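Note sheet for the following structure.
The structure displayed is predicted, hence computed values, not measured ones.
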4 protein chains.
Amino acid sequence: MATQSSKQSAPDTTRRSEKSRRAIYDAALGLVAEVGYPKTTIEGIAARAGVGKQTIYRWWSSKAEVLMEAFLDLSEQAAREAGPEETYTIADTGDLAADLKAVLRLTVDQLKDPRFEAPSRALAAEGVVNEQVGRAFMAKLLEPSLQLYVDRVRAAQDAGQVRPEIDPRIALELWVSPLAQRWLQYTGPITYDYTDTLVDYALHGIAPR
Amino acid sequence: MATQSSKQSAPDTTRRSEKSRRAIYDAALGLVAEVGYPKTTIEGIAARAGVGKQTIYRWWSSKAEVLMEAFLDLSEQAAREAGPEETYTIADTGDLAADLKAVLRLTVDQLKDPRFEAPSRALAAEGVVNEQVGRAFMAKLLEPSLQLYVDRVRAAQDAGQVRPEIDPRIALELWVSPLAQRWLQYTGPITYDYTDTLVDYALHGIAPR
Amino acid sequence: MATQSSKQSAPDTTRRSEKSRRAIYDAALGLVAEVGYPKTTIEGIAARAGVGKQTIYRWWSSKAEVLMEAFLDLSEQAAREAGPEETYTIADTGDLAADLKAVLRLTVDQLKDPRFEAPSRALAAEGVVNEQVGRAFMAKLLEPSLQLYVDRVRAAQDAGQVRPEIDPRIALELWVSPLAQRWLQYTGPITYDYTDTLVDYALHGIAPR
Amino acid sequence: MATQSSKQSAPDTTRRSEKSRRAIYDAALGLVAEVGYPKTTIEGIAARAGVGKQTIYRWWSSKAEVLMEAFLDLSEQAAREAGPEETYTIADTGDLAADLKAVLRLTVDQLKDPRFEAPSRALAAEGVVNEQVGRAFMAKLLEPSLQLYVDRVRAAQDAGQVRPEIDPRIALELWVSPLAQRWLQYTGPITYDYTDTLVDYALHGIAPR
DNA sequence: CGTTAACCGAGACGGTACGTCTTGTCTTCTT
DNA sequence: AAGAAGACAAGACGTACCGTCTCGGTTAACG
């Protein structure tokens, strides 16, 4: 005899329509890019994806969640397109400053890539006001990138280029956070010069040496 | 300049009801604190303020704008309650590190003040996704505070405690932005220790001296 | 100070939009006639009337209620178009049989009038399954017509053409109900001959005299 | 007759699951009785019967059709439980009035039997608005009962208790239809007195003898 | 000091989207 | 091949807000 579950039994993942999922990702990213996050609606996504609303509600619980997965998928796809080693480490040429500047320049480019701009802004914004989304955004999108900096700084510490008592997790915020804030809050222009300067300040401080 | 009559002529500011404005501010702040920004609606604000919806639409063009003014009003009020000189300058004891740490500790406290938390998060979030709001948020709320740091850093440069070629506008981001990001994006805990560390790293860098 | 009513205060009838109400009546009757009652939806009525759904839900609580009022309105309109005395009485020529046959022939015509057919069928059907609607249908639509028969039969009793112990309320069912059932349940054809026969049977019975 | 393949070929009746059919009948009747016809859904029937939706759609084309068969089945069952001869004829004691009154009293009882009430109302209602269902309802459920009255009236005609020119098919409507209408449309109370009166009026008319 | 033009509270209006429910079809796996 | 299960596209449900509009009433500046 079957389970007479009153209501929501979890949907059966094995029977999920891959086609629909892809269409929903595409529709969500497209709409966010074209009309912006607030005007992107679940109904709109469903219509554009040629999908019933229920198919969205069955698998996600909110617009933010859909967009999060869509964006993660997009990121993975982009990572796959780029080289395989590229994404999982920061180059170590022995020159910490140079290496950091190089990565930050790539980040600047990415922040201006229109494919990424709209959805990541939207997710960041949602995360500010919705802690659950914020923590998910942190864990799934930010954390992996930050860890690369931690690794690189640790290597620099081993090489004697960074003081051993420095906490890498905090150190990286000296260049990551300023960039993030300028991007998120329009607190200043974002240029290669700017990120280069950040690295210099972070490495040597602002006090006389 | 003439009447920019697209439909309605501009409302007459002199006849504006002070009582209604106050009630709307209170209602907006109260609702954002109690139910969160997304669930705060113009209808809700109007109802709670005992005000017609049109009275809101007459003077503001969006929920964000209402909240922005309400929050500015709240900030001014709070500033008035605190000392008069307190707010318009950062103490200069001659010890830059100590002065910065002191201010940042106050900031930490303020970030955790529930009266400020909800509305400023909401505005920040809205600003991320809505550039107009973002720039207004920057200009009206952030910029004045940041300017205090610029002034203090300049004084330190004059006193020879900061290298002269350092750009104060960027320098301040070394401690402000990390704190801001942790607060906005839940990327880490916010403590006095943390802000103290930020100041130390910012002043002396992470490289061996 | 105003009534801080938690929710549904009754809507203000004086500010009701006459235009919307008329448009809703027309749309409801039109749709029921064109696509049938089950496929007539509140959304469809609203769309066709160029009206927000809430405007329907504000004033009516169900599709059936809308249609009931629309149909009542239609009936009143039709009555106004016909003569004024016509509708409020059954002619008394002194010949009960002839008078009844005449009215029933009119009824037969009306039952076949496509303007009336669809909505009255729909309401009757809804009334069968929904007692509240059924009683309202009876009270507002059927009862007034039936009363005319009661009056005519009473007059016939006074004239000695109907036995005094006869209950007019039951007597009228001898011709009204058969016609109603044939119409409602497709239990037989509806013709002038048929209604004439009903009147004859009803007046003199089926037993030998 | 050929395979009416529009999409699927006709299902193979020989392999049909008797258990499922019974479960579906029970579920349909149960739900109609408990929550009413409009709230009875195909999904609900399938769930309650522990049956896939397709199993219903395979064998029936609508909710009404399911209920019709379920109700027919119920009626046959009830008939089998009662005596065998009881149901297929109306007693002929020689006294037409008494015989009709007796049967009508039984009908009154049956109309109030909760097992029959809900589904037969539902089917009647559906039939009012859906001619196909209406005609099926008439043919399968009403007609057989009405035929019994035709037979009994014919016998009475042979016995000289009913005028020979009377059409039995119309005559029976003099008592059946009023009762039906009171039941369907809540146009009046249903009592033994009432049905007795109907028979009297029908036999002797309302005019002075 | 009365007229009058505006703001005001209130809330009806045409809309859009919400999240849920059901329809009828389709697909997968089981019996 | 029928059946149990349930995902799917479609679309209506009734609710909540949007931003606009109209309606008295009240209130402050002007004539």
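- To the nearest angstrom, P of E:dT31 lies 22 Å from CD of D:E18.
- For the pair C:T55 and E:dG14, the criterion of a side-chain N or O lying under 4.0 Å from OP1 or OP2 is met.
- The CZ-C1' distance, from C:R16 to F:dC21, rounds to 18 Å in whole Å.
- Between B:I24 atom CD1 and E:dC7 atom C1' there is a gap of 12 Å when expressed in whole angstrom units.
- Between C:R121 and D:V128, the shortest heavy-atom distance links the atoms NE-O, 2.8 Å.
- A straight line from NZ of A:K39 to P of F:dC18 spans 15 Å, rounded to a whole angstrom.
- Regarding A:D12, its CG atom lies at a distance of 10 Å from the P atom of F:dC8, rounded to whole Å.
- For the pair C:K53 NZ and F:dA16 C1', the interatomic distance rounds to 11 Å; values are reported in whole Å.
- Heavy-atom nearest nucleotides on DNA chain E were determined for B:A46 and for B:R15, and the one closer to the 5' end corresponds to B:R15.
- Candidate nucleotides E:dT23, E:dC7, E:dC13 were compared by shortest atom distance to the side chain of D:Y57, and E:dT23 ranks first.
- The residue among A:V51 and B:S62 whose nearest nucleotide of DNA chain F lies closer to the 5′ end is A:V51.
- Taking only side-chain nitrogens and oxygens, B:S20 comes nearer than 4.0 Å to OP1 or OP2 of E:dG9.
- Note: CD (D:E65) to P (E:dG24) measures 12 Å, nearest angstrom.
- Between the CD atom in B:Q54 and the CH2 atom in B:W59 there is a gap of 11.5 Å [rounded to 0.5 Å].
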Kindly list each side-chain donor-acceptor pair under 3.5 angstrom involving residues 23-37 of chain B, sequence neighbours excluded, with atom names and distances?
residue, atom, partner, partner atom, Å
B:Y25, OH, B:E69, OE1, 2.9
B:E34, OE1, B:R48, NH1, 3.0
B:E34, OE2, B:R48, NH2, 3.0
B:Y37, OH, B:E126, OE1, 3.1

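- When each of A:E43 and B:K63 is assigned the nucleotide of DNA chain F with its nearest heavy atom, A:E43 is the one assigned upstream, toward the 5' end.
- Between F:dC8 and A:R58, a contact under 4.0 Å exists linking OP1 or OP2 to a side-chain N or O.
- Within the nucleic acid shown, B:T14 has no heavy atom closer than 4.0 Å to any nucleic acid atom.
- The neighbour count for B:Q132 CD, taken as heavy atoms of other residues, nucleotides or ligands under 6.0 Å away, does not exceed 12.
- Counting only heavy atoms from C-beta outward, the side chains of A:V133 and A:M68 approach each other to under 4.5 Å.
- Nearer to the 5' terminus of DNA chain E, by closest-nucleotide assignment, is the contact made by C:S17 (compared with the other of C:S17 and A:Q54).
- With distances taken from any side-chain atom of D:W59 to the nucleotides F:dG3, E:dA12, F:dC17, the minimum falls on F:dG3.
- The CD1 atom of B:I56 sits 13 Å away from the P atom of F:dC17 (whole-angstrom rounding).
- Residue A:G44 is classed as having no contact, given no heavy-atom separation below 4.0 Å to the nucleic acid.
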